[in-house]
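Taking it in order: structure first as structure tokens, then the write-up.
Order of listing sets the numbers, starting from 1, for every ligand and every atom in it. Residues: numbered from 1 along the sequence shown.
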Amino acid sequence: MVGIRLSIAALCLLLVAPPAWGANILGLFTSHSQSHLILHMSMIKTLAESGHNVTVVSMVQPTVMHKDIHLIVIPMPEEQEKALDNQMKEMAGQKNSVFNTMTRLLSGMGIMIESQLDLLSHPRFQRIYETKFDLMFIGYFINDFQLGVAAKLKVPVIFAWMQAPMTVIDDLIGNPKEISYVPIMGTALGPGERMGFFKRAQNFGMDLMIRSLFLVFKARSTSYYERQFGNEPKDFPTLEEMQRNISLVFTHSHLVSEGFIRPLVPGCVEIGGIQIKEQPDSLPEDIAQFLEGAKHGGILLSLGSNIKSTAVKPELVQSMFKVLSGLKQRVIWKWEDLDNTPGKSANILYKKWLPQDDILAHPNIKLFITHAGKGGITEARYHAVPMVALPIFGDQPTNAATMQKSGYGLTLDLLQLNEENFKAHIEEVLGNEKYALAISRFSQLYRDRPVTAKQSVVYWTEYVLRHKGAPHLQSPAVHMTTVAYNNLDVYAALSAVLITALFLTWLVVKWICRKLCGKSKKEKKVKKH
Ligand SMILES: *[C@@H]1O[C@H](CO)[C@@H](O)[C@H](O)[C@H]1NC(C)=O
Ligand SMILES: *[C@@H]1O[C@H](CO)[C@@H](O)[C@H](O)[C@H]1NC(C)=O
């Protein structure tokens, strides 16, 4: 009897009590970009849903949340915010390459990095150190100096990166460097396309350039680390030691469907598409009705969250309005300032905020007009909606070019936009079914996985928790010098042996020659006499 009662009591406890090992997890997602935060929050939310006690520190209010997440928002000081806004506006008014964007991060946009350092000294952040954590996430955005927080908390670290693994991430986790066939940022390739000599040379040059830039970032990170953690006890690990001790990296990518096929070490886990709901939520009433009544289909237009719509030149906006208001399709336009819309038209619905993913999931949506942010493209591809991309800066031109090469739509530089070309692009993508076919084929590949992105996040995070860090996953490459990694010392030794051998052979040949020639000369001399 007692036994039964006890087990009933135990059962009740099991039902009431939270999961036995809800770990204390800290997420440091301090990039100023909402689009980065959406990805990181979608990832961390799955851990809260699995019963872990998650605390998140961010700089902007996240749009993705979970009721059990302890959220600490430490906003950027107003002055910095203004300066950054101006930088963004400037960038929207010109053509920007990857290089240009990166050098801006070293100058005017350096605020985006410095503010992530300032945040660590904020009194509200300092209280973090009072809690005992089991694991820490860092959303990477040139903020590796934040690894000092993990050193203070003495916890293993998982990095999260918003894209496919790139140079810095490869170096951190030890992915092989394969620049002869893996295009890096700024080199756009379609699926199945291979790099010829010039593309490879360009890729090589780009790699060198990015590595040099990151040397500068690294020096800056080291000085920030010393500034912030210089007063810690003597045995406090250096930044380099911390960089070489990362347990895992989650990347928001899915190379098998997105390309490019390349080797990844076991510590690099892909969770691309985590922000996409497996089942869409129902749409707000006005949007649902608007789309249901779209006999000729609907179009979604969003230029993202980084650039406020008002930062785009008024003439451009007018051209866009003229074209869109003349279409028979219905258009949902993301527009911040509802008191000053580009114009009234029965087929256009302006919304300040949109459930983009749920709208793209609607079967009546036939076209997505986008600034080509990674997040939006991912959602459109998941839901098989062809696109017209209007890229502005950063990774957007590359995203857009890759999208076009893959056949999912067309791209048009936002600064080149006029009524004629905008209309022609829209009509082509809506009218020619090859775009819809290509993207629905991709959509099928993208969804075909052994486990979902959410399952991967939960499994691998708990794996790191179970083993108290995953040093056994570390690639030896992480701990090697450039010379050793590239076997340069072995090549040097081999060359030395080879050169010595050649030299010795040459000496011997010379000696033999002299002997023989000497002999024949003597013989000749003898004959003459
Ligand atoms: C959950 O995390 C918060 C820190 O944000 C901490 O104060 C609290 O004690 C934690 N709860 C448990 C059960 O550990
Ligand atoms: C590396 O991380 C593990 C846990 O992930 C920890 O036990 C170890 O002390 C760390 N080493 C250094 C040098 O920080």
- prompt: Salt bridge between D171 and K177, side-chain N to carboxylate O under 4.0 Å?
  reply: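 Salt bridge: yes.
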query: Taking NZ, NE, NH1 and NH2 as the nitrogens, is one of them in R466 or D134 under 4.0 Å from a carboxylate oxygen of the other?
result: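 Salt bridge absent between R466 and D134.
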query: If you draw a 6.0 Å radius around CZ in F204, do more than 12 non-hydrogen atoms from other residues or ligands fall strictly inside?
result: no
query: Any chance NZ of K277 has more than 12 other-residue heavy atoms, nucleotides or ligands included, within less than 6.0 Å?
result: yes
- prompt: Are the aromatic rings of Y446 and H254 close, with centres under 6.0 Å apart?
  reply: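 Distance test on ring centres: under 6.0 Å, yes.
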field: Ring centers of H36, F141 separated by less than 6.0 Å
entry: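 Under 6.0 Å, so yes.
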- request: Can you see which heavy atom on E462 is nearest to which on S50, and at what distance?
  value: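 Smallest interatomic distance, heavy atoms only, reads OE2-CB, 4.4 Å.
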task: Report the C-alpha separation of M136 and F159 in whole Å, then their side-chain angles, then the decisive distance to 0.1 Å, and conclude whether the side-chain contact (heavy atoms from CB on, under 4.5 Å) test is met.
output: CA-CA 9 Å; M136 176 172 157; F159 263 52; over 6 Å; no
What atoms of ligand 1 come closer than 4.0 angstrom to any heavy atom of [X]?
X   : answer
N24 : 1 (C), 2 (O), 10 (C), 12 (C), 14 (O)
T55 : 2 (O), 4 (C), 5 (O)
H70 : 1 (C), 2 (O), 5 (O)
N53 : 1 (C), 2 (O), 3 (C), 8 (C), 10 (C), 11 (N), 12 (C), 14 (O)

query: Measuring from each atom of ligand 2, which residues have a heavy atom under 4.0 Å away?
result: P156, N245, S247, K468, G469
